Structure formats: structure tokens, C-alpha cells
Amino acid sequence: MISSVVKWLSEPLGRVALLIVGLTVISGAAWGINVLQTTPEQPIEFPHVRHVSMGIPCLYCHPGATRGPSAGLPSPMKCWGCHQQMEITKTSPLLPPLVAAIENGTPLRWVPVAQVPDFVQFNHRPHLAAGLNCEDCHGNVAQMTIYQNPQVMNMGWCLNCHRERSAGNPELEKKLLDCGTCHY
Amino acid sequence: MSNTISRRDFLKLAGLGAATSAVLTGCGPAAKYVTRQPYFDMPEYTYHGESTYYATTCRECAAGCGLIVRTFQGRAIKVEGNPAHPVNRGKTCARGQATLQGLYNPDRIPGPIRQGRAGALSRQVMTWDEALDILAKLFQNTPADQMAFLLGPAPDHLYDLVVELAAHLGGPAPIRFGALSLFEGRTTLIQAAQELFGQAALPFFDLASADLVFSFGANFLETWISPVSYTRGLSTMRKGRDGRRGILVQFEARMSQTASVADEWIPIRLGSEGLVIAALARLVAEVQGRPADSFQEVTPDEAATAADIPPEMLYHLADRLATAARPLVLVGGSALAHRNGLQVAKAALALNALLGNVGREGGVFLSPPAPDGAPHSRLASVQEMAAFVQRLASGTVKTLFIHGVNPLFELPASLGLAEALKNVETIVSFATFPDETALQADYIFPDHHGLESFGYQRVMAGAKEAALSGLQPVVSPFHDTRATVDLLLAALAQAGRPLPYSDEFAFIQSKIRPLMTLAGGSFTAPEEHTFMALFQQHGGWWTLNDMRQQPSSPRGRIAVAMAAPEDGEFYLLPFVSPVLGEAGANKPWLQETPDPTTTVMWNTWVEINPKTAKKLGIKNDEVVRLIGPAGAIEVPVYVYPAIRPDTLAVPFGQGHTAYGRFAAGRGANPINLLLPILNEAGDLAFADVKVRLEKTGRKYSLSRLESRIGVYGEGLEEAH
Amino acid sequence: MKPIDLSLFGAKGAIVEAAEGKWGMAIDQDLCTGCQACVVACAMENNVPFVGEIDAGYGRSMHWIRIERFWEGEYPEIRMTPYRPMLCQQCGNAPCEPVCPAYATVHSQSERINLQVYNRCVGTRYCANNCPYQVRSFNWRDYTDERVNDAIATLKNQYNPDVTVRRRGVMEKCTFCIQRIHRAQDRAKAEGREVQDGEFAPACAQACPADAIVFGRIDDLRSRVSRLIRQKHGVHYLEELGTQPRVTYLVGGAS
Amino acid sequence: MTEKHEHTAERHLRKKHLMLDPLPRGQMNAMVMESMHATSWKFWVVFAVLAAITAWGLFYSWGVLMLDGLGMAGVNRPSYWGIFLVNTVFWIGISHAGTFISAILRVFKAEFRRPFTRAAELMTTFGLIQAGFSILMHMGRVWLAYWLLPYPNQRQLWPNVHSPLTWDLLAITTYLLASTMYLFLPLIPDLAMARDRSTGWRKTFYKILALGFRGTEGEWTHLRTAMNIFAFAIIPVMFSVHTIVSWDFAMATRPGWSSTVFGPYFVIGALHSGMGAVVVVLAIVRATMKHMDYFIRTEHFEAIGKLMLIISMGWGYFFFNDYIVQWYGGDVWTKQLLHWHEAGPLGWMWFAMLIFNVLIPWLVLWNRTWRSNPWIMLTVGLLINVGMWLERYIIIPISLTINRMPFTWRMYEPGIEIPLGIGTLAFFILLYLIASRLIPLVPVWEVQEGQMAHSLKKVGRETVVTVAELE
């Protein structure tokens with residue numbers, strides 16, 4: 001029985017069948033990867049590039065970074081502070097959701113992209129205090145529209161930097177390589 | 001086409017790996033990923049990832065402990081004590097800690113409901129406009145004297161408003177009730193102070209500075225009056241003054257949690273408390289060579305026999321009391337729950353006077369008055385509740401409003417409230433949870449949870465300072481609920497009989513305003529808005545100096561005797577569950593918190609002395625039927641080594657038929673065994689009840705934290 | 001002679017640290033009233049799940065701190081032993097650490113406490129077997145999953161975002177509220193100072209109405225906790241096992 | 001075969017001893033082949049039942065366990081390890097006899113081993129599979145079990161080499177690999193024999209497995225050398241594995257576990273249960289498979305019986321040694337524990353263990369007639385296995401009840417462990433069933449080799465057995 005199947009697979013029709021199965025598997029996998037990696041749909045396709053090029057510092061909209069764990073996502077009122085004075089607010093096809101949010105008093109449901117799992121306790125403040133800049137981890141946001149992580153934010157990536165920075169300093173090594181620094 | 005993998009593709013592949021490993025290692029449902037409402041207009045001081053802390057007041061009981069609630073992105077995360085608050089000084093009890101489980105309880109009433117006295121929570125949701133219409137019509141159409149308000153012990157601002165409302169409409173004043181007050185013997189204590197000192201105030205026992213405390217029946221470490229404050233008192237006493245550690249002696253028929261912490265536990269027979277106090281008083285007087293006044297007729301030997309303790313013990317105790325530097329006699333709870341409870345309370349206060357510690361550090365004071373000068377509203381005694389039930393039964397009440405109390409659970413069924421409610425045309429409940437009483441209402445217009453509410457609570461006991469504890473919402477309402485004060489004000493306005501307050505906050509402000517002019521407070525402010533802001537920020541306003549009242553010298557005669565119980569096999573001692581209190585049963589974490597003395601979780605039990613159990617052939621976990629004068633309950637047995645052989649004890653707190661998934665159908669309610677037998681002050685003489693015990697032949701495994709092998713040696717019998 | 005540096009042998013998980021430790025706790029059993037405020041406070045702070053009546057009665061309750069008590073004598077000469085809050089002793093030489101095959105329970109070099117790394121845990125439960133104090137609790141079921149326990153759907157709103165929510169198959173235990181340690185240290189560092197004694201406390205110590213639990217630096221002789229543990233009536237339970245517990249129990253009371 | 005002039009004594013010897021009762025090679029091969037092919041409907045019924053039990057008990061229940069968490073089982077505080085670990089130790093114990101019989105007896109040239117080395121070796125491999133299942137089931141997050149393997153990863157995390165569980169994993173893996181090799185090597189000539197005597201898919205199957213073995217002198221030399229190396233090498237591995245298993249307990253800071261004698265005590269215990277299991281397997285194989293009564297004779301039961309008696313005595317000695325030291329030590333917790341063992345609610349297990357492991361073997365196995373009866377031996381073997389399972393049950397969940405925190409002492413009541421345990425047992429038997437249809441359960445070449453080496457010689461009036469040294 002088995003041998004006849006094997007034999008059939010070596011025939012032209014069998015080979016076609018093999019090809020179809022193979023293609024299905026590969027395209028399924030590709031679709032899966034794509035679904036997982038598509039940047040999430042944001043309420044507004046926010047052009048970081050334009051804002052950064054105007055010279056707005058990251059901390060203007062994400063001020064939490066210097067104070068604690070989360071950098072924060074701006075509320076509509078923050079956007080409105082500038083946008084109410086700008087002509088483009090009325091004309092841009094991107095901005096009706098903002099106008100609607102202001103008019104209705106509803107929030108904009110931004111989808112956080114740079115996220116770590118629940119079992120990782122990340123704190124922005126010490127990273128900035130240690131002299132890191134936003135772009136060291138978040139990449140060149142000045143060239144992005146919707147933010148995308150420039151690399152996978154996983155433990156190996158974290159540890160690499162922690163190792164480099166603490167090398168040769170036993171006290172710092174204790175702190176930066178301690179499991180309990182991030183996991184509790 | 002390039003056949004090298006681009007950097008982006010590589011990241012995608014790596015991302016797939018990351019996603020897979022996130023699935024594999026996932027520890028979620030993550031605390032961070034709880035659905036949250038993003039801010040529309042973020043307050044300036046709120047940054048994502050940083051917590052905001054709000055001061056408010058605990059509403060799990062009426063003691064009025066100050067809380068600091070940690071909130072994070074619009075959710076209340078953790079409750080801590082307010083370190084500045086005079087009642088609890090930064091500490092909390094277990095019930096206070098679990099208050100968030102009430103706020104986020106899955107069984108809260110989500111919005112106004114046309115309940116129609118259905119047995120279960122009705123699904124007929126209304127809008128608040130409809131609710132308002134109904135209320136307004138009720139105010140318009142019900143004659144004021146046919147309207148009745150039944151309120152709980154908290155919050156005080158609602159009570160104040162309803163008092164004004166009733167006066168405004170010309171109806172009878174609202175009545176307040178809470179099961180804790182029933183078990184504490186508050187009315188009796190106040191009445192005793194009134195009769196003995198001529199001042200109607202709750203006695204304040206200064207535990208912290210005493211060095212020898214005799215406590216009769218008062219479970220002050222559990223639920224009695226202000227447990228956090230009294231625990232601090234005990235702690236201070238234990239830490240000692242000048243290196244001398246204070247001693248606590250507890251007289252109780254059952255080793256309660258308080259007794260278990262005491263240095264000595266003296267198991268006197270229920271009902272003999274008055275005699276023992278009187279005998280001690282006589283002996284102390286003898287030692288000190290002073291006249292014993294009303295206690296002259298008491299024979300110590302007879303008292304000892306009645307209490308079932310050796311007479312030498314009584315002499316010895318009296319000696320210690322007489323020679324102690326700062327002795328204190330404390331009385332409350334089951335000691336007052338006898339027909340002669342008022343005499344017991346008076347005897348204890350008189351003994352304190354005899355010891356010369358009235359109005360002295362480490363002695364007895366009277367609680368400070370409310371800072372705004374308003375008299376503390378006394379909760380109704382069972383006598384007054386019985387009269388109220390009579391009023392309801394007679395059909396003279398057309399509309400009944402109920403807030404903050406669950407009388408169908410908290411009052412003995414023998415009072416006949418359930419029947420009486422049928423004679424009330426319309427019942428409106430403002431309950432937050434679907435408790436037994438709320439389900440019997442025609443409408444439920446749910447109030448906010450305490451942590452979502454404005455308000456204030458007068459601190460009645462527990463602090464030396466006069467304090468008005470403030471409530472403010474720490475989170476925006478989780479459900480479509482509405483503050484009852486707002487609702488009442490709006491309904492009155494709609495009914496065309498408005499009160500002069502625009503809303504709840506304005507009402508509170510009008511009540512706080514007089515404090516601005518008082519000196520010696522915890523803060524001052526030049527103008528009203530600042531004062532209000534500081535009031536919220538500090539969690540209330542209190543005086544900085546000691547405002548306890550000095551009792552005047554005692555007068556009058558006291559006649560104590562052995563209390564005469566009803567007929568029956570065993571004394572019954574119902575006690576409030578130290579962990580659940582009267583309303584904690586709907587909080588899963590409190591259910592799972594072990595009872596301190598028995599370590600039982602999630603259920604009701606009856607405590608039986610091992611000797612009695614052996615005599616009756618009863619083992620642990622056997623379900624027995626307790627038959628009281630007014631009813632019967634079935635509960636599993638806990639063979640408890642520290643209870644008198646003639647006494648059975650059952651905790652109060654479970655046995656709900658409603659009140660959410662964690663409470664309903666769990667355990668039994670001992671209060672339904674009781675007849676409305678009262679003491680002279682009108683409090684329930686619940687300790688004068690005797691019960692019969694019957695086996696049912698069934699078993700129910702009680703969940704205990706402790707090991708029956710390790711603690712009781714089960715299975716290791718011959719080991720020692 | 002130079003002392004031997006154990007870390008040279010790679011004894012990272014099981015390293016015997018310097019005797020003094022860093023964080024420690026003193027629990028005065030004479031003051032403890034058994035009121036369970038610490039138990040509930042801990043659960044609220046650390047997202048500890050409840051397990052229901054049957055599991056709780058079967059030794060599966062998840063409390064990170066439990067209050068023990070025993071009996072002495074028989075009625076009427078019966079006495080309850082002082083309440084004994086039992087929690088992870090954060091042993092300097094912890095028996096749980098070397099036995100974990102995955103390094104999920106390790107000693108923190110910087111905070112000198114025992115860590116439980118939830119996401120590394122594979123659930124062999126060896127650590128819990130080997131813990132002489134029996135203070136580790138295991139997630140026997142998915143108690144925190146709203147598909148299993150639908151009450152979680154609303155109760156999860158009170159979850160502390162600073163503490164991982166554990167799922168089935170993972171061991172957990174008291175962490176000395178390491179999230180609070182980190183927060184305090186972070187704040188102090190941002191303000192350019194050291195953490196002050198009494199600046200923060202774990203949830204249990206903060207709630208304790210009797211002030212029976214005191215927490216702080218035991219390597220600082222001036223801290224309140226080290227003054228307390230130097231009193232004569234301090235004991236370390238099961239210290240004969242060489243565990244170097246960091247929780248000192250004060251027994252017998254003042255004077 | 002029978003010759004007229006043969007003495008009765010000689011006839012008796014031949015009837016009794018397989019080695020002296022040779023059959024022509026071809027006939028013997030045919031017998032073995034037939035035993036594999038002769039499959040009655042009864043076999044399929046048993047097969048279906050076992051497969052169903054395995055599917056339900058092992059795989060379905062395990063799925064439930066994984067989805068719902070270990071709450072489905074009876075494990076609790078303080079009995080964090082339950083029947084899972086009991087079964088793990090039990091199966092590892094069972095697996096020991098295979099190698100013991102095969103390797104030790106081969107090294108010491110014990111001739112009676114020849115017909116049943118194969119069945120015993122299979123037990124090692126199949127038992128280890130069940131042990132592996134049992135320990136994997138016990139993990140809270142089994143889907144992460146690969147974290148216990150040392151593999152390079154970007155997090156730079158490795159397994160903890162301080163943990164006895166890591167040692168265990170290494171030891172068991174080594175043992176599984178080594179014993180599988182050791183099973184396979186002696187199988188090669190038989191596979192080649194089967195290849196030459198079968199057609200169809202069986203032929204392909206044997207062709208692949210026989211690795212082109214033709215039976216040349218060179219091949220035999222290589223095979224013998226390899227088998228010799230493995231036989232010697234696997235003995236220390238076997239001892240170390242069960243010693244390491246015992247260290248899971250002995251290294252812990254628990255009363256009753258922290259015992260220096262646990263290593264050898266566990267090894268002897270493993271042999272005890274393993275020998276019992278071998279006897280059971282042999283009795284069943286002999287009774288149910290065709291022609292097996294030729295290969296497996298009462299002389300084998302008799303010889304194994306002697307070994308079992310010695311091992312039982314050894315087990316008794318180590319048990320006493322462990323007990324007396326623990327008892328004399330006087331540690332308060334250990335005293336409680338010993339009392340709990342004997343007088344606790346499950347005290348009957350303790351006595352049953354002693355009766356099954358010591359009393360019954362000693363009463364039965366001293367008698368040659370009883371020893372030679374397969375059915376009596378089957379019973380004794382089963383009882384010993386029950387006794388040894390109880391021993392592990394006493395060491396794990398019952399001992400775990402007693403620790404240094406009396407507030408937590410609690411009994412253990414198994415839950416889903418029971419179907420899971422039954423599942424492993426069913427799977428074990430199922431694997432035997434499958435093997436009995438696929439590979440010769442008797443190593444034909446080894447029997448033939450033995451028969452060639454044995455002959456009867458007359459010395460004076462006595463007929464004696466002589467054995468020629470072949471290797």
C-alpha cells in the first residue's frame with residue numbers, strides 16, 4: 001500500500017499533487033507571518049515623519065518617558081492644542097477622526113506597537129537616565145509614518161545591550177543582568 | 001527579484017518566532033492589557049504608567065477609616081490606609097483591603113432596574129430619566145407621612161440630606177440600621193453612659209495607655225466599633241510604656257479572635273458577665289478600702305459559681321485589677337446581649353469609675369463630638385426596628401426607600417420584615433449589589449460604589465480627635481449608576497419641591513463650610529474652593545487636639561444578676577465573622593481569607609467543644625441542625641477546643657440567598673434562630689438564646705487552611 | 001587567607017551570599033492579632049487569585065502569606081499559640097534555588113532576595129517540595145483566565161500592572177513586593193538620593209493594623225528593622241537547616 | 001532425538017534444559033517466525049481494548065490535564081508530587097530488570113539468560129517511555145519541557161546543573177539511548193533471519209532494520225565486540241540512573257528523604273520490581289504465544305526465582321538499614337513521618353509493602369517446586385510489583401504529607417493521575433503486543449549459540465553438562 005503511494009508520487013500527476021500541497025503550506029505560512037507582522041490599524045494613519053521634521057521633540061507627545069514606565073500616547077486634546085490653529089486640520093484627509101474626537105469628546109484609540117509581554121516590567125525612565133535616546137530602541141521614527149518596531153523587542157536584544165553596558169562593572173552587572181530587574 | 005531575505009522579511013520571520021514564544025510562554029491574561037478607556041483629555045498630573053493617589057474614606061463599615069487609593073489609568077488598583085487619618089493612621093483591615101472587590105464585583109447592579117419584587121435580579125433595565133420620573137411621581141403623590149427612609153450606617157451625608165428632605169416634606173425622620181451595631185451593643189453602651197454619666201455618647205476605651213485590660217465580650221480586634229483603631233491601641237499597649245507590656249484578659253464563653261490574642265482567656269458562662277463585673281467591683285473596693293455601693297450585695301463566691309470559674313481566680317483577678325497602675329475594664333458585644341445588658345454595661349463603667357480611671361489616660365472617656373457640632377446619629381436598636389417593622393406591616397407606609405442596608409439579611413426573620421414589606425405599596429432600593437432586600441424592591445436605582453462617591457462620614461469612635469472623614473470618587477463610575485443624593489435632589493426638583501442644593505457636591509460643600517471657621521483643624525484655607533479641595537486631598541478634616549469628652553461622675557444604682565436564658569440545650573453565641581463582617585460575603589477574596597481562629601474559608605460552621613462533641617458522638621464536618629426559638633439552620637461542625645462545653649458558636653456573615661454569585665447559597669445565617677428578645681436599652685439579647693442540636697447524618701467538608709493532621713493530630717493519635 | 005569566591009565555581013543559583021543580606025523583615029508575634037489584613041493586602045497587591053471553596057480546602061489556596069496558629073493544652077487550660085504569619089523567608093541560602101532545573105527560582109544578586117521568574121517556570125514543583133517553610137503556591141488551574149472564571153472579567157480591573165498575572169502551571173511566592181522595591185529605588189535614583197528607611201513597605205507591612213510587620217534594610221544597622229531584629233527575643237524559624245532566613249520573628253513580647 | 005540407549009537421567013536433563021534440547025536451526029527459526037505470525041482474533045480484541053485504554057487514559061486525559069492545569073490531578077500543598085512521580089520511579093525501576101538480566105548475566109555468562117534477554121531488554125525501552133510520559137505529565141507547563149535541554153538561545157539561558165532533575169534528565173536520556181542500542185544490537189541477527197524468511201512489507205521492514213547483516217564471520221566479530229562493550233558499559237549507567245533518581249529525593253531538605261542509603265536502596269528496589277515484571281512477562285509470553293513453551297521452560301523460572309529471592313533479601317536489608325538509621329536519628333520530624341507511615345490512615349500500605357516485598361517472596365521462593373511453577377511465579381512477580389509501587393507511593397505522596405510546617409500537612413487524593421497511570425500501563429502492554437508481532441521475542445541466535453556450546457558428557461557413570469567457550 002505504502003509503496004504504491006510512493007510510486008504514484010513519483011509519477012507526473014503525483015508530482016503535481018506534491019507541488020500543490022507544498023505551495024499551500026508555504027502560502028499559508030506566509031499569510032500567517034504577514035498577519036502577525038502587519039502594523040496594526042491605527043485610528044489615524046499618523047505621519048511621524050512630518051511631525052518630527054517640524055522639530056517636535058518625542059517627549060512633547062510622549063512625556064511619560066522621562067518620568068516612569070510608560071511613555072504614554074497623546075490624548076486628542078494634546079493634538080488639538082496645535083491642530084486647532086492649523087489650516088491643514090480642515091483639509092487633510094487624515095484628520096477627520098481627530099476633529100470627530102474633539103467634537104464628540106471621545107478618545108482616539110491608539111494601538112500601542114512597542115509592547116513587551118506582561119511578564120516583563122519595563123521602565124523608560126532609567127533607560128533615558130542612562131543616556132539612551134529614543135531612537136536607540138525605536139529606530140529612526142523621523143522616517144516612519146505609522147510607527148514600526150525596528151527590531152524584535154525580545155530578551156536577547158535587551159540582554160545584549162545590558163551586557164555591553166555593564167561589562168567590566170560588577171555592581172552594574174549585578175543589577176542589569178539580574179532576572180528580578182525585569183521579571184516579577 | 002532578489003532571492004536574499006530582506007531585513008524587513010527577516011524581522012517578520014523573527015517576529016513570528018516572538019509571537020509563537022509569546023503564546024508558549026504567555027503568562028497573560030495580562031494585568032497591563034485590561035481593556036481600558038483611553039483618556040480624552042488627560043489631566044495634567046496623570047501620565048501613562050504613573051499612578052494617581054486619591055484620599056477617601058472606607059465604606060466597608062461605618063468606622064470611617066481614611067483610605068488612599070492608588071489608581072492607574074482610570075482603574076483603582078490598591079487600597080492603603082491614609083497615614084494622616086486619625087482613625088486608622090495609615091492602616092487597614094482585611095475588609096478595607098478587599099473593598100476593590102466590591103467596586104469591580106461581577107454582580108454589581110449595572111443600572112436602574114424595574115425589579116418588581118422578582119426573586120432574582122430583574123432584567124428590565126430602565127433609563128435614568130424614567131427612574132427620575134418615577135421618583136418625582138412618588139414624591140408628588142405620596143403623602144409625606146406615608147413615606148419612610150431606611151438607611152445604612154454609612155454615608156453620613158446621605159443621612160443628613162434625607163433628614164433635611166424629610167423635614168422639608170414634613171415626614172418622619174429617616175431610620176438607620178446596621179447589623180454590626182446589633183452585635184456590638186452600641187445602643188446599650190450609649191444608654192449606659194447616658195444613665196450613668198448623663199451624657200449620651202459612646203464610651204471611648206483608651207487601650208493604648210492602659211496596662212491591664214479586662215475585656216468582657218467586646219471583640220474589639222474584629223468588628224467591634226472601630227477595629228483598626230482598637231488594634232492600634234492594643235499594639236501600643238503591648239509594646240509597653242517604660243518597658244512594661246500591657247496585659248489583656250478576655251472574658252468570653254468562646255475564644256474569639258480577640259480572646260486568642262489576649263494574655264488570658266477566661267471562659268465564663270454566658271449571662272454571668274454582670275455578676276463577675278460586680279463581684280470584681282466589690283472585691284476591688286474591699287482591697288482599696290472603699291465602699292462598694294451598689295455592688296455590696298454581690299457574693300463573689302456565688303458569682304464565681306455562676307460564671308463557672310474557681311472563686312480563687314476571681315479573687316486573684318480582683319487583686320490584680322486593684323493593684324494595676326492603669327487598669328481598664330472594657331465591655332461590649334455578647335456581654336451586653338442579655339436581658340440585663342444595660343446593667344452589665346453600667347456595672348462595667350461603674351467599675352472603671354471605682355478604679356478611678358474615668359477620664360484619665362488609659363481609662364474611659366466619651367467619644368469626641370462630631371466636628372461640625374451635629375449630633376452623632378444613633379443607629380436604630382432592634383426595638384426601634386421592630387417598631388418600624390410594625391409601621392410597615394400596618395400599611396401606613398406607602399413608599400419605602402432603602403439605602404445601604406440589607407435588613408432582610410441583617411435582622412432576625414422573626415421580626416417579620418419580609419411579611420411587612422408586602423404591605424408597602426412601593427419599595428425603592430438604592431442598592432449597589434443585588435442583596436436580599438434589593439430583590440424585594442419594586443425599583444432598584446443603584447448608587448455608586450463607595451469609591452465612586454462623594455460624601456463624608458462622621459467619625460463616631462476610634463479617634464481622640466473630632467473628625468469628619470471625606471469621600472471622593474477615585475474612579476469614574478464603572479456602571480451606569482447614579483449618586484443617590486443627586487438622584488433625590490433631582491427628583492425633588494422635578495416634583496416641584498426642590499431643596500436649595502444644585503447637586504450632591506453643593507450639598508456637601510454647604511455642610512463642610514462651617515468647618516472653615518473652626519480653629520485647631522488639620523488644615524485651614526481662606527476660601528471655600530480651596531478648603532473643599534484640601535478636604536478631598538486630605539481625606540477629611542479633623543481637629544489636631546484631643547476632643548474626647550470627660551465623663552461626669554457616675555450616679556445611680558446598678559442592679560446586676562445572672563441573666564436568665566431561654567430554655568434549651570446549649571447557649572448559642574452568634575458572632576460576626578471577623579473577616580466577612582456583615583457585608584463581605586460577596587467578595588471572593590474575603591471568602592477565601594481564612595477565619596483567624598478556625599481558618600475556615602467560604603462557609604459557616606458551628607463551634608462545639610471537643611468534650612461535648614464526643615458526648616454527642618459528633619465529629620468534624622458533620623452537618624447538624626441547630627433549632628432555636630425562631631427557626632433552624634443546618635451547619636457543619638467544627639470541633640473547637642476553646643469554647644465552653646455548654647455553648648455553641650456560629651459566625652454571622654454568610655447564609656445569603658442573594659447578594660451575588662460568591663455569597664448566594666453559601667453557609668447559613670444564625671440570626672434567623674433568634675427571637676426579638678431585647679435588653680432594657682432595646683438592643684437584641686441574642687446571647688440569651690438557647691438552642692437544641694440535632695444530627696442530620698450528612699457530612700460537608702469545611703475548607704480549612706490549617707492542617708487537621710498537624711494542628712489537631714488527626715491520624716497521628718498515638719504519636720505523643 | 002583569601003576567602004573563596006563561590007561564584008568562581010559558577011554557583012550562581014545556589015550561591016551562599018554574605019551573611020547580612022539586604023532586605024529583611026521583622027514580625028512581632030506578640031503584636032500580631034491574626035486579623036488577616038496582610039493576607040488580603042498581599043493578594044490585592046500581587047494579583048493573587050482566589051481558588052474557590054473546594055480547592056482552598058484541599059491545600060491549593062494561593063495566599064503568599066498565611067497566618068498559622070496551634071493549640072496548647074485542653075479546655076479549660078487551653079491556649080492558642082501566638083499567631084505566626086508565614087511567608088517566604090527570602091533565605092540567604094535557599095533550598096528552593098538549586099533544585100530548579102530551569103533557573104526559574106534564582107537569587108537576586110542586586111536585591112539579595114529569592115526571585116521567582118514566572119515566565120521561566122516549567123512547573124516541576126521541586127522548589128515547593130524543597131521549601132522547608134512550605135510557602136510557595138502553585139497555579140493549579142487557570143484561576144486568572146476569564147474563560148475559566150468569568151468573575152475575572154470585571155475583577156481584573158483591579159490587577160496591579162506592576163505584577164505579572166500568572167497562569168496555570170507556574171509556581172509563585174512572596175517577592176517582598178519587589179515591584180515596590182524597584183519603584184522606591186527608581187524614585188530615589190531619579191531624585192539623586194538613597195532610599196530612606198520606612199519610605200516604602202511591602203503590602204503586608206503597610207496594611208498591618210498592629211504594626212507587627214516591619215520591613216527595611218537589614219544591612220543598615222540604623223534601620224528600624226535591624227534594631228528590632230537585634231533584640232534578644234528574635235528567632236529565625238528552621239535556621240538549623242542553614243537557610244539564613246531574612247524574616248525574623250519576635251516572640252514573647254516586650255520586657 | 002531420543003535415543004534408545006539414553007539414560008533416564010539424560011532424558012530428564014534434556015527435557016528440563018533448553019540448552020541440552022536442541023532442535024534443527026530451520027525448525028527453530030520457523031517456530032519463532034510462526035509465533036510472530038500466528039495472530040488470533042483474541043489478539044486483536046486485546047489490542048483494541050488496550051489501544052482504547054491508551055487513547056483515553058493516556059492521551060485524552062493528558063490533553064485535559066494540559067488544558068485545565070494540574071488541578072485535575074490530586075497534587076496539592078504539601079504533596080506537590082503525586083502519583084506522577086510514583087509512576088516515574090516505578091517505570092524506571094521496571095526498566096532496570098531488562099538491562100540487569102541481559103547485561104549482567106551476559107557479562108557473567110549465566111547460561112539460563114539466553115531465551116529471555118530480548119523480552120527483558122524490551123522492558124527497559126518500553127518502561128523508560130512510560131517513565132518519560134509520567135514525568136512529562138507532572139510538569140505544569142509541559143509545552144516548555146524543551147527548556148530543560150541545553151540548547152543555545154539568544155537569551156543565553158541554560159538548564160541548572162545544580163538541580164537533581166537536570167541530572168535525572170541527562171541520566172534517563174543516556175539510559176534510554178544506551179538501552180535502545182543495547183536492545184538493537186542483539187536483534188540484528190534475528191532481524192536478518194526474519195528478513196530471509198518473510199515477504200511483502202515485513203521483508204522491507206526487516207531489510208531496513210537488519211542493516212544488511214549476512215552472518216559472516218567478520219560481522220559476528222564486530223557484533224560480539226559491540227555487544228560486549230555495551231554490556232559492560234551499560235551496567236554503571238544502569239546503577240547511576242536509579243541512584244540519580246533516588247537523589248531527586250535524597251538531595252532534598254525533607255524529613256525521611258534526606259537519606260544517604262537511598263542510592264543503593266533505590267537500585268535494589270528497581271531490580272526487585274524489574275525482576276518481578278520480567279517473570280510476569282515471561283509467564284504471559286509463554287502462555288499466550290505459540291511455541292514459546294519450548295524456549296521458556298520451568299528451569300528459567302526457577303533460576304529467576306533464585307535471583308528474586310536474593311534481591312528480595314537485599315531489598316529487605318536496605319529497607320532495614322534506611323529505617324533504623326532514620327529512626328535512631330531521633331529527628332522530631334522524621335519520627336512523626338515514620339509514625340505516619342506505620343500508623344497513619346494509609347498505614348496498611350506500609351505493611352502491605354513489607355508483606356509483598358519481603359514476606360511473600362521469602363515464603364515462596366525458597367521452594368524449588370513453587371519456584372518452577374510459572375503461575376506461582378507470575379503471582380509473586382505481580383505482588384512484588386504492587387509492593388514496590390506501594391513503596392514509591394509511601395516515599396512520595398505519603399512522605400510529602402509530613403514536613404517541617406505542621407500547619408500545612410495534608411493528605412493526597414489522586415485524581416486524573418489514575419486514568420493516566422492506567423494509560424501508561426496499557427501503553428506499555430500495547431507496545432509489547434506490537435513488538436510481539438514485529439520482532440522475535442526470543443533471541444534465536446543466542447539460543448542456538450548456547451545449544452551449540454552445550455553438550456552432555458559421560459564421566460564414569462555420571463552424565464554431566466559441558467559448555468564450550470565460544471567467545
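Computed from a prediction, not measured in an experiment: that's the story for all the values here. All chains are named by letter (A, B, ...) in the order of the sequence lines, taking the proteins before the strands, and each is independently numbered beginning at 1.
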Could you report the tightest heavy-atom contact between Ala56(C) and Met601(B), atom names first, then the distance?
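Nearest heavy atoms, Ala56(C) then Met601(B): O-CE, 3.6 Å.
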Which atom of Tyr104(B) lies closest to which atom of Thr154(C), heavy atoms considered:
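Taking every non-hydrogen atom into account, O-OG1, 2.9 Å.
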Among [options], single out the residue with the greatest number of heavy-atom pairs under 4.5 Å to chain B.
| options | result |
| --- | --- |
| Ala207(C), Gly57(C), Gly59(C) | Ala207(C) |
| Val40(C), Thr81(C), Ile54(C), Val48(C) | Val40(C) |
| Gln158(C), Glu45(C), Met80(C) | Gln158(C) |
| Gly52(C), Cys32(C), Gly34(C) | Gly52(C) |

Non-hydrogen atoms of chain B under 4.5 Å away: do they reach the side chain of [X], the backbone, both or neither?
| X | answer |
| --- | --- |
| Ala201(C) | neither |
| Val51(C) | both |
| Tyr75(C) | both |

Residue list, salt bridge (charged side-chain N to carboxylate O under 4.0 Å, His left out) with Arg60(C), at least two apart or on another chain:
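Per chain and number, Arg60(C) pairs via salt bridge (charged side-chain N to carboxylate O under 4.0 Å, His left out) with Asp55(C).
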Pairing of [X] and [Y] as salt bridge, 4.0 angstrom limit:
| X | Y | answer |
| --- | --- | --- |
| Arg79(C) | Asp263(B) | no |
| Arg666(B) | Glu53(C) | yes |
| Asp30(C) | Lys239(B) | no |
| Arg69(C) | Glu706(B) | yes |

Among residues at least two apart in sequence or on other chains, which ones pass side-chain contact (heavy atoms from CB on, under 4.5 Å) with Asn219(B)?
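Per chain and number, Asn219(B) pairs via side-chain contact (heavy atoms from CB on, under 4.5 Å) with Glu222(B), Thr223(B), Trp224(B), Thr258(B).
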Distance-only polar pair, side chains of Tyr58(C) and Ser703(B), donor-acceptor under 3.5 Å
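Short answer, no.
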Does Gln36(C) reach the main-chain N or O of Val579(B) with its side chain, forming a donor-acceptor pair under 3.5 Å?
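No, Gln36(C) side chain to Val579(B) backbone: no donor-acceptor pair under 3.5 Å.
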Chain B contact residues among residues 176-186 of chain C, heavy-atom distance under 4.5 Å:
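The list, in residue order, reads Arg180(C), Arg183(C).
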Contacts of type side chain to side chain donor-acceptor pair (under 3.5 Å), residue His63(C), not counting sequence neighbours:
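His63(C) satisfies side chain to side chain donor-acceptor pair (under 3.5 Å) with Ser61(C) only.
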